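Both counts, for ligands and for their atoms, begin at 1 and track the order of listing. Quick caveat: nothing in here was measured; it's all calculated off a predicted structure.
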Amino acid sequence: MGILVTGGAGYIGSHTCVELLNQGYEVIVLDNFYNSKPESLNRIKQISGKSFKFYEGDILDRELLKKIFADEKVDSVIHFAGLKAVGESVRIPLKYYHNNITGTLILLECMLEANVKNLVFSSSATVYGYKNPAPYFEEMEIGNCTNPYGQTKFMIEQILKDLCNANPDFNMTILRYFNPIGAHVSGLIGEDPSGIPNNLMPFITQVAVGKLKKLNIYGNDYDTPDGTGLRDYIHVVDLGRGHLCALKNLSGYKVYNLGTGKGTSVLELVSALEKVSGKNIPYELVTRREGDIASCYANVDKARKELGFEAEFDIERMCEDSWRWQSENPNGM
Ligand code: NAD
Ligand code: UFG
């Protein structure tokens with residue numbers, strides 16, 4: 001089975017490619033390295049011991065997509081390619097709408113033309129917006145996203161729903177990820193942000209490794225047990241496995257949360273990382289970050305019942321793997 005993986009050189013894509021190759025899928029990666037490095041592909045090969053096809057290019061490049069669908073035997077597409085920096089999406093919204101939405105539209109048009117009917121799409125818990133209370137259920141009304149990045153995910157979900165309504169033979173599964181952290185146990189691939197990280201875990205590990213001086217904790221006055229933000233962290237390898245479950249169960253238009261169902265606070269994550277690394281993580285409590293919500297965690301029943309998916313790794317293991325990746329690759333790839 002040939003799987004076209006857009007954004008396969010990125011953080012979640014690379015871990016998913018390893019799982020796909022391990023399970024004997026034929027993998028074709030398309031990436032423009034906007035937010036990843038070619039070395040990531042070598043490391044996927046090193047871990048899996050398998051080779052795969054790679055196209056360097058953009059999902060906005062219609063001619064390239066046509067060529068890929070003509071030359072390769074693609075059964076399904078896993079569509080990771082997208083921009084994801086929340087703050088930047090507020091400053092430069094059109095860049096996000098163009099890359100994420102126009103890019104997805106071009107991909108879908110080329111799939112239609114090539115008669116490729118199966119898609120797994122990377123959505124985000126951010127589509128639940130700021131009005132729904134956690135835990136989030138797939139049936140909740142979505143929208144009210146706090147930033148243009150979130151809006152692109154919300155809009156693409158709607159596009160995929162309309163496309164499936166018009167084409168009942170299409171199979172499209174939307175996966176709403178909660179907060180992926182961790183890295184492959186080999187220490188060879190992991191999250192490799194350029195510049196100062198926006199997300200909590202890479203920030204913490206860069207403080208622990210001495211690249212950054214201290215962590216700013218955005219708010220300790222939230223309505224949560226210790227006042228800091230509560231998130232549903234999921235190991236990126238579990239997340240990758242979730243995509244295989246989704247691929248095996250493709251049937252019509254479906255939406256699933258991929259999380260653990262458990263909330264962990266900022267302070268709890270800091271102390272878990274301190275424990276596994278043996279490092280002290282200096283932090284300062286500062287004001288809330290605009291657009292943040294108090295609590296975000298999943299109800300995971302639907303993915304368990306319908307996909308047979310359950311996250312295996314706990315917070316300690318997530319921290320161990322994130323720390324191994326950071327300490328063995330202090331400057332990324
Ligand atoms: P990432 O930036 O590491 O990976 C995305 C990959 O897509 C990168 O390799 C990048 O170079 C590539 N890419 C971007 N635009 C492209 C384009 N126009 N053409 C070709 N390649 C392009 O991000 P990630 O964390 O692996 O996220 C993967 C997907 O999951 C994204 O769609 C993201 O929005 C979504 N998601 C991520 C998170 C998270 O916290 N990491 C949470 C929810 C959803
Ligand atoms: N935080 C800090 N200091 C930091 C970074 C984060 O205190 O330097 C806190 C945040 O306030 C929040 C928690 O750590 O309470 C997690 O923050 P992240 O930035 O790691 O993650 P978010 O939940 O804000 O956002 C993530 C992804 C988004 C996605 C969203 C919902 O980055 O792409 O989850 O899925 F939309």
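- The nearest protein atom to atom 3 (N) of ligand 2, hydrogens excluded, is given as Asn216 O, 2.8 Å; this is a heavy-atom distance.
- When only interatomic distances are considered, the shortest N/O to N/O separation between Asn32 and ligand 1 falls below 3.5 Å.
- Remark: ligand 2 and Leu200 share an N or O pair separated by less than 3.5 Å (distance only, no angle test).
- Residue pairs that meet the side chain to side chain donor-acceptor pair (under 3.5 Å) test with at least one member in residues 49-60, sequence neighbours left out, are Asn32-Asp58, Lys53-Glu72, Tyr55-Glu72.
- The ring of His243 has its center closer than 6.0 angstrom to the ring center of Tyr177.
- In terms of polar-atom proximity, defined here as any N/O pair under 3.5 Å, Ala9 makes no such contact with ligand 1.
- Ligand 1 is approached by Asp58 to a heavy-atom distance shorter than 4.0 Å.
- For atom 16 (C) of ligand 2, the closest non-hydrogen atom on the protein side is Tyr233 OH, 3.6 Å.
- Geometrically, ligand 1 and Gly10 share a nitrogen or oxygen pair separated by less than 3.5 Å.
- At under 3.5 Å, a nitrogen or oxygen of Ile59, whether backbone or side chain, sits near a nitrogen or oxygen of ligand 1.
- Protein heavy atom closest to atom 22 (P) of ligand 2, with residue, atom name and distance, is Asn179 ND2, 3.6 Å.
- Here Asp292 has side-chain heavy atoms under 4.0 Å from ligand 2, and that is the only part of it that gets that close.
- Contacts between Asn35 and ligand 1, counted as non-hydrogen atom pairs separated by less than 4.0 Å, involve both the backbone and the side chain.
- At a heavy-atom distance under 4.0 Å, no atom of Thr228 approaches ligand 2.
- At least one heavy atom of Tyr177 sits less than 4.0 Å from an atom of ligand 2.
- A salt bridge between Asp314 and Arg317 is absent, with no side-chain N of the basic residue lying under 4.0 Å from a carboxylate O of the acidic one.
- Without hydrogens or angle criteria, Arg241 side chain to Glu310 main chain gives a donor-acceptor distance under 3.5 Å.
- Considering only heavy atoms from C-beta on, Glu113 stays 4.5 Å or farther from Phe69 through its side chain.
- Contacts between Tyr149 and ligand 1 below 4.0 angstrom, taking non-hydrogen atoms only, involve the side chain exclusively.
- Ring centroids of Phe54 and Phe33 are separated by less than 6.0 Å, placing the two rings close together.
- A salt bridge between Lys275 and Glu268 is absent, with no side-chain N of the basic residue lying under 4.0 Å from a carboxylate O of the acidic one.
- Within a 6.0 Å sphere centred on NZ of Lys95, other residues, nucleotides and ligands contribute more than 12 heavy atoms.
- Looking only at protein heavy atoms, the nearest one to atom 27 (C) of ligand 2 is Asn199 ND2, 3.8 Å.
- A heavy-atom separation below 4.0 Å is found between Gly57 and ligand 1.
- Heavy atoms of Ala125 found under 4.0 angstrom from ligand 1: none, in either backbone or side chain.
- Contacts with ligand 1 closer than 4.0 Å are made by side-chain heavy atoms of Lys153 only, the backbone lying farther away.
- The closest side-chain heavy-atom distance from Trp325 to Val185 is not below 4.5 Å.
- Looking only at heavy atoms of the protein, atom 9 (C) of ligand 2 is closest to Val266 CG2, 3.7 Å.
- Contact check on Asp192 versus Lys37 returns a salt bridge, with a Lys/Arg side-chain nitrogen under 4.0 Å from an Asp/Glu carboxylate oxygen.
- Here Tyr149 has side-chain heavy atoms under 4.0 Å from ligand 2, and that is the only part of it that gets that close.
- In terms of polar-atom proximity, defined here as any N/O pair under 3.5 Å, Arg289 does make such a contact with ligand 2.
- The pair Asp221-Arg288 meets the salt-bridge criterion, with a side-chain N (NZ, NE, NH1 or NH2) lying under 4.0 Å from an Asp/Glu carboxylate O.
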